[in-house]
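Below is one structure, written out as structure tokens; comments come after it.
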Amino acid sequence: MSKLLLVDDEPAFLRLAAAWLEKQGHVVVTATDGAQARDAFQRERPDLVLLDLVMPPERTPEAGLTLVPDFAAVPVVVLTAHADHELALRAVAAGAWDFLAKPVDPDLLRFVVARALAKRGLEQEVATLRAAQPVDDGIFGASPAILRLKEMIRRIGPADLPVVVLGPSGTGKELVAHALHAASPRRSGPFIAVHCGAIPADLLESELFGHLKGSFTGAHQDRQGLVAAAHGGTLFLDEVGEMPPAMQVKLLRFLQEGTYTPVGGRQSLSADVRVVSATHRDLESMVAEGSFREDFYYRLKGLILRSPALAERREDVAPLAARFLAEAAKRRRLHLTVEALVWLAEQDWPGNVRELKAVVTSAAALTEDEAITPADLSFARSGDPAALAPAAPITLAEAVADLERRLITAALSATGKNHSAAARQLGLSRVGLLKMMTRLGLR
């Protein structure tokens, strides 16, 4: 049995249409204006919305069109007496599934509703099939640190608990949040991200909780917030350590009770979301110094995951660089030389994966050859033309020794200076490695 939300301000039409639709075997929920419709949509979670475009207080099709995106998670059939081709196209462009003119023909209404519900059913079947397939979490790498992270995501994802993702900037904390969402029962719901440090403090409350028309200068109409948009899914609070203390108090209430009040409103609304937060800051130190609320912190931190720095997963540098190059090269046949791979492994990457991707992508755009060299990468990173100057001529023996020295140094760094493990990585015996290190002056 399907549930329909019928939105219209004409009492007679609302009563007759609801009765007719119920005779067709549907459950019908009604609303007479935009605010009631939004509330009913969040509360009842209907399978289809039948929306009149001309309702109080504006009573204009333009105002009605602004409601369509709020219900776009399900098919929306627009109803209006103002039937014209241009308005129909605008309704569809706004996200409507179909368009019916009043007076509504019952047979046409039956056909459109059946077709829209069939579409809804197919979408749900596809979501179910996708959920049964192995999830590509987008987190690339095979280092022990990444494999541990993937295992924790696999275990934590299905638990409907809040999670805080900690780690330096550029390590892919939003990817971790996406992976948690994909591994959860909420995977078919929305994933809504908000950067707490990028939105001015005086606008963050409106962005999260929405606002009513006239609640502040510039609020020309009611607007749904990101919390409502995330209903049934995951709300990702990026850089939550930057959230102003006053906003921490207001979000704490939502985390405790699942209810919130839009700016300028008096009625409490509810939303069912899982909150995943991320920050590069030390929240416990911020709590100790009083710049982050302790009660808010403990509501957020149900579970903690750590996104490792690139320095903790150096064995992933070469595969990551090759992947980024493949994405950047498009139709060009580019490759990283052995020397370039060694150079990449030797670098410190304070910007982590984000910096590595930027350097490789820039080098791919700047190089005129098929082979990307350390000079190309160094120039892409520093912007110093001297990095592209040809090196002083050296003999073949000197070049071989330099390459051997770089490869051994990289292997030792990747294995924590474990000679046996480094030898295996290089295809040498331990004794052979030690002899080569002595010859190259590395012991």
Side-chain angles (χ1 to χ4, degrees), residues 140-146 167-172 307-326 328 334-367 369 371-428 430 432-443:
F140 185 78
S143 62
I146 286 297
S169 294
T171 55
S307 184
L310 198 51
E312 300 174 48
R313 44 182 297 217
R314 287 190 179 274
E315 53 267 68
D316 289 332
V317 170
L320 281 167
R323 179 171 183 168
F324 296 148
L325 181 61
L334 298 179
H335 67 275
L336 293 155
T337 66
V338 174
E339 294 84 355
L341 291 171
V342 172
W343 185 90
L344 289 167
E346 288 178 341
Q347 305 306 304
D348 291 323
W349 296 101
N352 295 291
V353 178
R354 185 185 294 130
E355 183 186 7
L356 174 65
K357 182 175 183 179
V359 169
V360 173
T361 302
S362 297
L366 294 171
T367 186
D369 300 318
I372 293 179
T373 67
D376 296 320
L377 295 167
S378 180
F379 175 64
R381 191 180 195 187
S382 67
D384 184 0
L388 296 175
I394 58 174
T395 66
L396 177 60
E398 289 172 331
V400 170
D402 182 63
L403 178 57
E404 289 176 335
R405 191 177 289 107
R406 289 170 176 267
L407 289 171
I408 291 173
T409 300
L412 289 171
S413 176
T415 59
K417 296 186 178 180
N418 184 313
H419 291 154
S420 297
R424 285 195 297 273
Q425 184 173 313
L426 294 168
L428 301 171
R430 185 175 183 277
L433 173 61
L434 293 175
K435 287 181 178 180
M436 187 176 291
M437 289 173 64
T438 299
R439 174 170 60 80
L440 296 170
L442 295 176
R443 293 186 65 189

Applying salt bridge (Lys or Arg N to Asp or Glu O under 4.0 Å), can you list everything that pairs with Asp369, at least two apart in sequence or on another chain? none
Looking at residues at least two apart in the chain, or sitting in another chain, which of them share a side-chain contact (heavy atoms from CB on, under 4.5 Å) with Pro144? Arg148, Glu315
For Arg406, check salt bridge (Lys or Arg N to Asp or Glu O under 4.0 Å) against everything at least two apart and list the hits. Glu346, Asp402
Under the side-chain hydrogen bond (donor to acceptor under 3.5 Å, both in side chains) test, residues paired with Thr415 that sit two or more places apart: none
For residues Gln425 and Ala414, report the shortest heavy-atom separation together with the two atoms involved. OE1-CB, 4.3 Å
Non-neighbouring partners of Ala340 that pass side-chain contact (heavy atoms from CB on, under 4.5 Å), sequence neighbours left out: Leu336, Thr337, Pro374, Leu377
Sequence neighbours excluded, every pair satisfying side-chain hydrogen bond (donor to acceptor under 3.5 Å, both in side chains) that has a member inside residues 348-364: Arg314-Asp348, Glu355-Arg381
Residue set satisfying side-chain hydrogen bond (donor to acceptor under 3.5 Å, both in side chains) with Thr367, at least two apart, ordered chain then number -> none
Restricting to side-chain contact (heavy atoms from CB on, under 4.5 Å), what partner residues turn up for Ala358, sequence neighbours left out? none
Does the side chain of Leu366 come within less than 4.5 Å of Asp376's, by heavy atoms? no
With a 4.5 Å heavy-atom cut-off, do Leu310 and Leu320 have their side chains touching? yes
Ignoring hydrogens, what is the shortest heavy-atom contact between Ala321 and Leu344? Give both atom names and the distance. CB-CD1, 3.6 Å
Closest heavy-atom pair, Ile146 versus Pro308, reported as atoms and distance to 0.1 Å, is CD1-CG, 4.1 Å
Nearest 0.5 angstrom please: Leu428 CG to Met437 CE, how far? 11.5 Å
How close do Leu325 and Ile372 get, heavy atom to heavy atom, and via which atoms? CD1-CD1, 3.4 Å
Does anything in residues 407-417 pair up under salt bridge (charged side-chain N to carboxylate O under 4.0 Å, His left out), and if so which pairs, sequence neighbours excluded? none
So which atom in Ala380 and which in Ala363 form the shortest heavy-atom distance, rounded to 0.1 Å? CB-N, 3.6 Å
Is the shortest side-chain heavy-atom distance between Val359 and Phe324 below 4.5 Å? no
Going from CZ on Arg424 to CG on Leu433, what distance comes out if it is rounded to the nearest 0.5 angstrom? 11.5 Å
